[in-house]
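Letters go in sequence order (proteins before strands), and every chain restarts at 1.
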Amino acid sequence: MPELPEVETTRRGIAPHLLGARVVEVIVRRRDLRQPVSKSLAAIEGRRITGIRRRAKYLLLEIDDDSTLLIHLGMSGNLRVATAAQPWKSHDHLGITLARGKQLRFHDPRRFGLVLRLTGDLPAHPLLAKLGPEPLEEGFTTAHLAVACAKRSVAIKLVIMDAKVVVGVGNIYASEALFRAGIRPQTMARRLSKPRLAKLVAAIRAVLTEAIADGGTTLRDFLHADGKPGYFKQRLRVYQRTGEPCRVCGTPIRHTVTGQRSTFWCPQCQK
DNA sequence: ACTGGCTCCTGAGGGC
DNA sequence: TGCCCTCAGGAGCCAG
């Protein structure tokens, strides 16, 4: 599924088409996503889209009636800018038609995604209220991560994937960041020294920044708003490279399971 | 308060 | 070819 770089790539792709555009029609073909699509979605018809932000892995479309569309892509979702005339593909669950025939399509085979219309106090919404800092903003510091790791008897990989600690780091970039920081994913969080956590903070920032620059990672479902894939897959150093030589030392990459999720690491480079 | 495990859903890929 | 099993980029919820 889309992690932070894929969601940010999507945001940048759709923004030029959506910003300032008027909504002509909302078409809901399938309502049963992770939560039902908001019944009030049709209320944005005739309204204008005034902003497109990202918080964690959520996209926030700001509407000029002071409501916000909150969109999450789940594991298999993508948004693309099509035309209203284009035929619907299976699992295209929702379309937002804009002026001049453009249409934003929400596509999500597994339906773990979300499309909600929120009104009122946005930061207080239960889906947003407990989120940790953005990894590419100032609030994500070594001191912050150290507090989150203190006394925690879980693998460090699970800590950096915990959205209450830091948002946007999913299963791909968790393995990649830990490789770059030279830390084994299964290391107990409370056993890591401050200098090692500082390396991890820097590694998370670096890997996410590079992935955004490359337009994200396409493994299967993720596509840009224009239908093209992301290219960061070519730069993955450990993810899904079991048995292949480490790009640094040549040792075969290993695979383990941490918290029911696949984990990839180099036994030589990571201690 | 933590921690680990299960769950939602569909499709792809491997083994036999 | 076809069937069955396992696994997949997220994250909320539950029980111990």
What is the separation between atom [atom1] on [X] and atom [atom2] on [N], rounded to the nearest whole Å?
| X | N | atom1 | atom2 | value |
| --- | --- | --- | --- | --- |
| A/Asp108 | B/dC9 | CG | P | 13 Å |
| A/Asn78 | C/dA8 | CG | P | 20 Å |
| A/Lys151 | B/dA1 | NZ | C1' | 11 Å |
| A/Asp32 | B/dC8 | CG | C1' | 11 Å |
| A/Ile172 | C/dG10 | CD1 | P | 7 Å |
| A/Leu33 | B/dT10 | CG | P | 12 Å |
| A/Gln35 | C/dG12 | CD | C1' | 10 Å |
| A/Met161 | C/dA8 | CE | C1' | 12 Å |

[X] side-chain proximity, nearest of [options]:
| X | options | answer |
| --- | --- | --- |
| A/Glu3 | B/dG4, C/dG10, B/dG11 | C/dG10 |
| A/Arg110 | B/dG11, C/dG10, B/dC9 | B/dC9 |
| A/Ser262 | B/dG11, C/dC7, C/dG12 | C/dC7 |
| A/Leu158 | B/dG11, B/dG4, C/dG12 | B/dG4 |
| A/Lys57 | B/dC9, C/dA11, B/dT3 | C/dA11 |
| A/Gln260 | C/dG10, C/dA8, B/dC6 | B/dC6 |

Practice task
Look up atom NZ in A/Lys233 and atom CG in A/Leu236, then write down how far apart they are to the nearest 0.5 Å.
Solution key: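 Between A/Lys233 NZ and A/Leu236 CG, I get 8.0 Å after rounding to 0.5 Å.
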Practice task
Report which part of the nucleic acid A/Tyr239 touches: base, sugar-phosphate, or nothing (heavy-atom distance under 4.0 Å, all strands).
Solution key: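 Contact class for A/Tyr239: sugar-phosphate only.
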Practice task
For A/Thr217, answer base if it contacts any base atom (sugar-phosphate contacts may also be present), sugar-phosphate if it contacts only those atoms, and nothing otherwise; contact means non-hydrogen atoms under 4.0 Å.
Solution key: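 Result for A/Thr217 = base.
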Under 4.0 Å from OP1 or OP2 of [N]: is there any side-chain N or O of [X] that close?
| X | N | answer |
| --- | --- | --- |
| A/Ser153 | B/dC2 | no |
| A/His72 | C/dA11 | yes |
| A/Arg111 | B/dT10 | yes |
| A/Arg152 | B/dT3 | yes |

Is atom [atom1] of [X] surrounded by more than 12 heavy atoms (other residues, nucleotides or ligands) closer than 6.0 Å?
| X | atom1 | result |
| --- | --- | --- |
| A/Lys39 | NZ | no |
| A/Asp226 | CG | yes |
| A/Arg190 | CZ | yes |

Problem - Passing option when A/Thr97 is tested against A/Lys102, A/Arg22, A/Arg105, A/Gln103 for side chain to side chain donor-acceptor pair (under 3.5 Å) - result: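 Running side chain to side chain donor-acceptor pair (under 3.5 Å) over A/Lys102, A/Arg22, A/Arg105, A/Gln103 with A/Thr97 returns exactly one hit, A/Gln103.
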Handout entry: Residue closer to the 5' end of DNA chain B, A/Arg34 versus A/His91 (nearest nucleotide)
Key =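 Its nearest nucleotide being more 5', the pick is A/Arg34.
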Exercise for the section: Using Watson-Crick or G-U wobble geometry with both distances below 3.5 Å, tell me the partner of B/dG5, or none. Expected result: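 Across all strands, the one nucleotide that pairs with B/dG5 is C/dC13.
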Practice task
Taking atom types as modelled, find out whether A/His255 and A/Ser262 have a side-chain donor-acceptor pair closer than 3.5 angstrom.
Solution key: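 Looking only at side-chain atoms, A/Ser262 and A/His255 do form a donor-acceptor pair, the distance falling under 3.5 Å.
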Problem - Same-atom distance (P) from C/dC7 to B/dG5, integer angstrom - result: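 That atom pair is separated by 15 Å.
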Handout entry: Centroid distance under 5.5 Å and plane angle under 30°, A/Phe112 vs C/dA11
Key =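 Whether judged by distance or by angle, A/Phe112 falls short somewhere, so it does not stack on the base of C/dA11.
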